[in-house]
Protein chains: 2
Amino acid sequence: MTETPTRKKWKQDPEAVQANILAAAAEEFAEHGLTGARVDEIAARTRTSKRMIYYYFGDKESLYRQVLEEAYRKVRSEEAALDLTSLPPLDALRKLVEFTFDHHRANENFIRLVMIENVHKGKHLAESPLIARVNPSAIERIEDICARGQKDGSIRSDVSPHELHWLISAASFFNVSNRFSFGISFNKTLFTHDGQQKLRELTCKAVIEAARKP
Amino acid sequence: MTETPTRKKWKQDPEAVQANILAAAAEEFAEHGLTGARVDEIAARTRTSKRMIYYYFGDKESLYRQVLEEAYRKVRSEEAALDLTSLPPLDALRKLVEFTFDHHRANENFIRLVMIENVHKGKHLAESPLIARVNPSAIERIEDICARGQKDGSIRSDVSPHELHWLISAASFFNVSNRFSFGISFNKTLFTHDGQQKLRELTCKAVIEAARKP
DNA sequence: CCATTAATGTACCATTCAGTTAAAATCAAT
DNA sequence: ATTGATTTTAACTGAATGGTACATTAATGG
């Protein structure tokens with residue numbers, strides 16, 4: 001018996017390995033935060049090894065930064081699929097709110113990553129040049145709605161697109177991010193199916209009334 | 001020279017020591033989160049030693065739980081000072097929104113602790129029997145407003161106190177919790193003094209319009 | 001087919017950190 | 001005075017964890 005220390009055979013596939021690591025890291029970071037995440041645990045979630053994490057990503061913090069970037073990129077590109085240009089302004093606004101509300105609920109891990117990044121005071125986002133490029137698209141849609149609404153007189157001019165986006169985001173984000181503390185402190189019925197339908201409609205109405213010209 | 005290993009004189013004051021530890025821990029946990037916080041660093045922030053932390057609080061997680069409880073207790077008691085019963089319902093509602101918006105801004109560490117606890121999915125809040133007792137008071141005020149408003153016909157009956165509280169909280173909380181990511185992604189002008197005044201007014205209007213009977 | 005570089009596997013190291021131990025000193029109450 | 005609770009000091013432990021060293025295999029170009 002020649003003792004060949006059995007070593008796995010493998011194909012070279014850098015992109016797949018990196019994508020696999022990013023996906024595993026995204027889950028681990030979303031679950032436990034930057035400091036709570038364990039590199040060994042990320043490695044265990046991959047088809048490869050810890051060695052490769054450091055080979056491709058340098059260190060834990062760089063990996064985290066790239067996970068963040070990837071998450072933003074993915075979410076913004078999904079949002080881009082929404083076409084609102086064919087609807088009257090206030091209808092478009094309602095559709096945007098509904099979409100955002102639903103989309104946030106469906107992307108809890110993205111919400112969690114953003115929460116975590118805010119606990120870190122946005123330090124890593126600030127270091128990422130990509131973010132500044134990818135995010136404005138979220139504003140542009142609402143700017144278009146406001147511009148059309150002011151032209152046809154349906155939307156008031158003393159409320160800015162940024163403010164409307166802030167209000168939509170606040171409700172949609174908080175609904176996911178704080179449902180644990182809110183549910184424990186108050187009423188879990190808000191987070192049942194019916195409760196969520198009501199909050200969704202409440203958010204729509206609140207945003208539309210804030211935008212509508214009287 | 002007799003070498004007396006100099007040792008501090010001290011008063012026995014268990015409560016002060018515990019309060020000092022809790023305050024130090026609150027800062028460290030708010031700054032770095034549960035996993036990011038360092039017990040040695042908490043000790044360094046106190047007038048006493050790491051030994052005493054374990055003497056009184058057992059372990060890091062128990063300390064964290066008590067920090068959370070203390071933070072909720074403090075915030076709710078500050079809120080309790082607000083008296084709205086003498087105002088007409090919609091005026092009371094406006095005052096409540098303004099107060100909440102301002103209060104959240106003024107208590108960033110509380111916001112941070114709640115964010116952190118939500119990253120942990122509310123696990124520690126759920127274990128704390130105190131929370132269930134201290135929080136309903138926040139709802140009662142708004143229930144009173146709604147009851148009076150339905151009696152005098154100023155507030156609609158198809159929107160619940162919980163929903164209104166959710167909307168007020170969402171805007172006020174998000175405004176503090178997400179200002180880093182939001183500011184980086186979009187526009188920092190929302191977080192200047194003028195910007196905050198506008199968001200505060202936007203929130204008031206949105207909530208009041210959501211509540212007002214047409 | 002050989003040399004070289006990129007990619008991967010395995011084992012290990014160094015440090016950090018929550019929690020402990022031990023002993024003594026001091027306080028407060030009886 | 002005795003006693004138990006509180007506080008100080010300071011070193012220590014053991015596990016967890018971020019990061020590396022070094023060997024090995026795959027692909028590539030000549």
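Letters A, B, ... are given to chains in the order of the sequence lines, protein chains preceding strands, and every chain is numbered from 1.
Between B:Ser49 and D:dT7 there is no side-chain N or O to OP1 or OP2 distance below 4.0 Å. Taking side-chain N and O atoms only, B:Tyr54 has no distance below 4.0 Å to OP1 or OP2 of C:dT20.
Of the N and O atoms on the side chains of B:Thr100 and B:Asp102, not one donor lies less than 3.5 Å from an acceptor on the other residue. Checking B:Asn135 against B:Arg76 by side-chain atom types alone, a donor-acceptor pair falls below 3.5 Å.
Residues that satisfy the side chain to side chain contact (heavy atoms under 4.5 Å, CB included) test with B:Pro14, not counting sequence neighbours, are B:Gln18, B:Tyr56. Applying the side chain to side chain contact (heavy atoms under 4.5 Å, CB included) test to A:Thr192 and every residue at least two apart in sequence or in another chain returns A:Asp194. For B:Phe99, the ring-ring contact (aromatic ring centres under 6.0 Å, His included) partners at least two apart in sequence or on another chain are B:His103.
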Contacts table for residues 121-130 of chain A: side-chain donor-acceptor under 3.5 angstrom, sequence neighbours left out:
unit_1	atom_1	unit_2	atom_2	d
A:Lys121	NZ	B:Glu31	OE2	3.4
A:Lys123	NZ	A:Glu61	OE2	3.2
A:His124	ND1	A:Glu117	OE1	3.0
A:His124	NE2	A:Glu61	OE2	3.2
A:Glu127	OE1	A:Arg65	NE	3.3
A:Ser128	OG	A:Glu69	OE2	2.5
A:Ser128	OG	A:Leu130	N	3.4

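C:dG9 atom C1' lies 14 Å from atom CD1 of A:Ile53, rounded to whole Å. One atom, CE of A:Met52, and another, P of D:dA26, lie 14 Å apart when rounded to the nearest Å.
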Dump the intermediate steps for side-chain contact (heavy atoms from CB on, under 4.5 Å) on A:Arg179 and A:Leu190, then the final yes or no. CA-CA 9 Å; A:Arg179 71 186 191 287; A:Leu190 291 181; over 6 Å; no
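Along DNA chain C, the nucleotide closest to B:Asp40 and the one closest to B:Gln12 are compared, and the more 5′ of them pairs with B:Asp40. Sequence order on DNA chain C of the closest nucleotides to B:Arg51 and A:Tyr55 puts A:Tyr55 first from the 5' end. Comparing B:Lys50 and B:Pro14 by the nucleotide of DNA chain D that holds the closest heavy atom to each, the one mapping nearer the 5' end is B:Pro14.
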Between the protein and nucleotides 14-16 of chain C, which nitrogen or oxygen pairs are less than 3.5 angstrom apart?
none

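Picking from D:dG18, C:dA18, C:dG9 the nucleotide with the shortest atom distance to the side chain of A:Val39 gives D:dG18.
Across all strands, A:Lys11 comes closer than 4.0 Å only to sugar-phosphate atoms, never to a base (heavy-atom distances). Counting any heavy atom pair closer than 4.0 Å across all strands shown, A:Ala16 reaches no nucleic acid atom.
When every heavy atom of B:Ala211 is checked against every heavy atom of B:Val159, the shortest pair comes out as CA-CG1, 4.3 Å.
The stretch residues 56-63 of chain B comes close to DNA chain D through B:Tyr56, each having a heavy atom under 4.0 Å from the strand.
Checked options B:Arg141, B:Lys74, B:Arg73; the residue passing with B:Glu79 is B:Arg141 (criterion: salt bridge (charged side-chain N to carboxylate O under 4.0 Å, His left out)).
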